**Student:** 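Before I ask anything, here is the structure I am working with.
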Amino acid sequence: PMLIKEVKSTLDAVYDALDASPGPAKQSFTKAVVDTIMLEEHWSAWKTGGCLELERTDAEVGMKGFDSVSEAAVKAVDEQMAPRAPAPAPAAPPKRKSAIMG
């Protein structure tokens with residue numbers, strides 16, 4: 001309960017700061033922050049609910065460009081997650097003759 005009050009208080013402060021922000025980018029920046037907060041709320045609820053499998057709605061499946069973006073994202077993640085060969089062991093430095101030992 002204490003953490004929930006703290007989070008709500010922080011969110012109120014964020015929204016107040018966004019409302020008070022001047023400048024031409026206020027609306028787009030505010031939307032980006034609110035969208036991010038909403039994304040985090042949904043992610044948290046999903047994790048709390050046991051990470052149930054997600055299903056696409058008909059609207060999401062029919063979105064223009066959705067599949068090509070999705071494929072590009074999947075490919076990028078696959079490339080990052082692909083197993084990589086271990087780095088070769090460093091070569092031993094060449095033995096140097098000591099001036100003392102000849």
Side-chain angles (χ1 to χ4, degrees):
M2 183 64 169
L3 182 59
I4 292 172
K5 287 180 184 178
E6 194 172 321
V7 169
K8 286 182 179 181
S9 174
T10 302
L11 282 174
D12 287 342
V14 168
Y15 292 133
D16 289 344
L18 289 170
D19 286 341
S21 298
K26 174 184 176 176
Q27 187 175 8
S28 61
F29 181 73
T30 299
K31 182 180 179 340
V33 171
V34 170
D35 287 350
T36 301
I37 291 170
M38 295 301 295
L39 179 71
E40 289 298 314
E41 286 179 1
H42 289 288
W43 181 86
S44 179
W46 176 72
K47 290 293 282 185
T48 301
C51 304
L52 302 175
E53 185 173 337
L54 302 176
E55 295 181 17
R56 289 186 188 176
T57 65
D58 290 341
E60 289 173 326
V61 172
M63 287 174 56
K64 183 179 180 180
F66 182 81
D67 291 331
S68 63
V69 171
S70 179
E71 289 173 17
V74 169
K75 182 179 178 184
V77 169
D78 285 345
E79 289 173 359
Q80 290 295 319
M81 299 301 291
R84 297 183 181 163
K95 293 189 177 187
R96 295 171 56 181
K97 292 184 178 180
S98 169
I100 299 173
M101 301 179 103

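Because the structure is predicted, anything quoted here is derived from the model rather than measured.
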**Student:** Just verifying a value: how many Å separate L39 CG and E41 CD, rounded to the nearest 0.5 Å?
**Tutor:** 10.0 Å
**Student:** Y15: which residues meet the side-chain contact (heavy atoms from CB on, under 4.5 Å) condition with it, sequence neighbours left out?
**Tutor:** L11, L18, V34, I37
**Student:** Tell me, please, which residues at least two apart from K47 pass side-chain contact (heavy atoms from CB on, under 4.5 Å).
**Tutor:** W43, C51
**Student:** Of all residues at least two apart in sequence or in a different chain, which pass the salt bridge (charged side-chain N to carboxylate O under 4.0 Å, His left out) check with D35?
**Tutor:** K31
**Student:** State the CD1-OG distance between I4 and S9, to the nearest 0.5 angstrom.
**Tutor:** 13.5 Å
**Student:** Answer yes or no: is there a donor N or O on one side and an acceptor on the other, between the side chain of T48 and the main chain of S44, under 3.5 Å?
**Tutor:** yes
**Student:** Could you give the distance from CE (M2) to CD (E6), rounded to the nearest 0.5 Å?
**Tutor:** 6.5 Å
**Student:** How would you list, by chain and number, every residue that makes a salt bridge (charged side-chain N to carboxylate O under 4.0 Å, His left out) with K26, sequence neighbours excluded?
**Tutor:** none
